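These notes are about the structure you will find just below.
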Protein chains: 2
Amino acid sequence: MATEAATIMLVDDHPLLRKGLKQLIALEDDMQVVAEASNGQDALRLAPEYDPDLIVLDLNMQGMDGIETLKKLRDAGVTSRIIMLTVSDADDDVVAAITNGADGYLLKDMEPEQLLEQIHRAVTGKMVLSEAITEILATALRQPAKTPSSQLSSLTNREYEILSLIAKGMSNKVIARELDISDGTVKVHVKHLLKKLGLRSRVEAAVWMVNQQGEN
Amino acid sequence: MATEAATIMLVDDHPLLRKGLKQLIALEDDMQVVAEASNGQDALRLAPEYDPDLIVLDLNMQGMDGIETLKKLRDAGVTSRIIMLTVSDADDDVVAAITNGADGYLLKDMEPEQLLEQIHRAVTGKMVLSEAITEILATALRQPAKTPSSQLSSLTNREYEILSLIAKGMSNKVIARELDISDGTVKVHVKHLLKKLGLRSRVEAAVWMVNQQGEN
DNA sequence: AATGGGCTACCCATAAAGGGGTATTTTGAA
DNA sequence: TTCAAAATACCCCTTTATGGGTAGCCCATT
């Protein structure tokens with residue numbers, strides 16, 4: 001990476017934005033765009049093929065959204081640095097992105113020079129965050145009660161109940177019998193609670209919950 | 001104990017369950033709840049102080065679990081009769097409870113009347129077991145070989161390593177990449193470690209491991 | 001009356017996990 | 001050196017889990 005130019009893949013469903021970003025990056029002789037994708041599926045296919053140093057991922061895409069793509073990329077073993085690029089500064093998105101393995105979160109309304117500089121920093125392994133984003137994260141961190149990544153309080157009673165049972169190692173079927181509801185319904189609650197907490201599996205949920213309980 | 005009401009201590013981390021059980025016992029004029037604890041530590045402190053005739057001990061508690069609490073109580077010289085109350089009918093738990101000095105093992109899904117009757121029997125010195133439990137014990141007795149609950153020490157280095165990663169919430173695929181082996185091999189190790197520990201799923205394994213780590 | 005959240009339950013699909021087996025290679029201890 | 005355990009990797013199969021959708025019902029707020 002020292003002598004060779006850093007490889008970058010762009011993932012955005014707006015051709016114009018990709019083109020602009022590509023030209024912007026082309027100005028730098030130590031970075032080059034080696035792949036482009038207009039959706040999550042293509043990104044998943046191309047990432048392993050090109051194994052870029054950096055992936056710039058749009059958060060707001062049709063179909064598979066950025067967070068979802070991010071998750072799947074990490075699941076697929078992609079170790080490239082990944083920064084999210086978006087117009088949105090929704091708190092939840094930021095937290096979800098970071099907790100799902102994003103290395104940065106930049107807003108599209110940044111000045112091009114600044115954006116380029118941040119991409120530089122990202123390539124060198126630093127976590128990059130827009131100023132507005134750092135505030136959001138800082139705010140989230142200042143609230144000691146609920147952890148940044150996940151709000152236990154955002155769960156409904158039922159979801160919390162089911163999370164507790166997961167943390168005892170129970171399967172959906174067992175939980176269903178325990179609560180006297182169908183296992184399909186349990187699945188729905190699990191689905192929702194995983195999304196709310198930004199976790200990828202019941203195992204993560206169980207571990208997280210147990211640690212949570214242990215701390216209090 | 002003949003003329004006076006039998007004294008009982010409840011140990012369960014669910015306040016609701018304690019309350020319900022307490023009210024249930026309050027219906028009987030020959031038994032009274034003299035102490036309550038929501039965790040193993042409190043139980044260890046209160047047991048010598050109140051020296052109850054009977055201790056009803058929840059198996060599935062956060063932090064120090066029921067089995068561990070049971071061991072420590074016996075180690076501390078507590079001679080009260082102790083019955084385990086639980087939702088779990090995991091074979092190993094039953095065996096572990098009995099071999100560690102429990103005088104009974106009841107399931108929480110019993111009918112209240114039946115539960116009360118069993119508690120009565122326990123106070124009078126009889127060993128009480130849920131029906132489903134007796135079968136498990138019988139089966140276990142037929143296989144004298146392997147020791148009760150769970151030996152971390154019986155795991156190979158690789159198995160322990162993988163168990164630790166499971167306790168971090170990782171999937172087999174992720175673990176495979178982490179250790180640079182095939183995910184099929186990870187499955188084999190998981191299979192073996194679950195069998196050795198007498199657990200039914202990676203979630204149980206994760207929870208068990210996290211608790212294990214928290215205690216040490 | 002209308003809206004929305006929460007709970008229930010199902011549909012569909014794919015991915016992950018679990019449990020049995022065989023087999024090769026490596027490693028360490030007898 | 002010989003043997004057994006450990007680690008690796010695959011085969012088979014079934015079960016669980018996950019993620020998307022629609023939809024009805026209840027209840028509270030508007």
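Computed from a predicted model, the values in this text were never measured in an experiment.
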Considering residues at least two apart in sequence or located in another chain, which fulfil the side-chain contact (heavy atoms from CB on, under 4.5 Å) criterion with [X]?
X	result
A:I175	A:I162, A:L165, A:I166, A:M170, A:L179, A:V186, A:R202
B:A122	B:L54, B:I83, B:V128
A:S80	A:D51, A:P52, A:I55, A:V78
B:L116	B:L24, B:I25, B:E28, B:M31

Please report, rounded to the nearest Å, how far the [atom2] atom of [N] is from the [atom1] atom of [X].
X	N	atom1	atom2	result
A:E68	D:dT18	CD	P	13 Å
B:M170	C:dA17	CE	P	13 Å
A:K72	C:dT14	NZ	P	13 Å
B:D183	D:dA9	CG	P	10 Å
A:K71	C:dA15	NZ	P	16 Å
A:H192	C:dG5	NE2	P	12 Å
A:I175	C:dT8	CD1	P	13 Å
A:L193	D:dG19	CG	P	11 Å

Report the residues that fulfil side chain to side chain donor-acceptor pair (under 3.5 Å) with [X], sequence neighbours left out, ordered by chain and then residue number.
X	answer
A:K168	none
B:K191	none
A:K173	none
A:E117	none

Protein-nucleotides 18-25 of chain C N/O pairs under 3.5 Å:
| unit_1 | atom_1 | unit_2 | atom_2 | d |
| --- | --- | --- | --- | --- |
| C:dG18 | OP1 | B:R202 | N | 2.5 |
| C:dG18 | OP2 | B:R202 | NH1 | 3.1 |
| C:dG18 | O6 | B:K187 | NZ | 3.1 |
| C:dG20 | N7 | B:K191 | NZ | 2.8 |
| C:dG20 | O6 | B:K191 | NZ | 3.2 |

Return each pair, listed once, that meets side-chain hydrogen bond (donor to acceptor under 3.5 Å, both in side chains) where at least one residue sits in residues 175-189 of chain B; pairs must be two or more places apart or across chains.
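Pairs touching residues 175-189 of chain B that pass the test: B:S182-B:T185.
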
Using a cut-off of 4.0 Å on non-hydrogen atoms, how would the nucleic acid contact of A:S182 be classed: base, sugar-phosphate, or nothing?
sugar-phosphate

Counting only N and O atoms by type, is there a donor-acceptor contact under 3.5 Å from the side chain of A:R81 to the main-chain atoms of A:V123?
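Checked: no pair found.
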
Divergence of helical axes at both termini of the helix from C:dA1-D:dT30 to C:dA30-D:dT1 - five pairs an end, 10° steps
50°

Compare side-chain N and O positions of A:S171 against OP1 and OP2 of D:dT15 and report whether any pair is under 4.0 Å apart.
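No, outside the criterion.
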
Between A:H189 and C:dT8, is there a side-chain N or O to OP1/OP2 distance below 4.0 Å?
yes

Got A:R74 and A:I82 here, is their nearest side-chain heavy-atom distance under 4.5 Å?
yes

With B for base contact, S for sugar-phosphate-only contact and - for none (protein heavy atoms under 4.0 Å), nucleotides 22-30 of chain D reads ---------

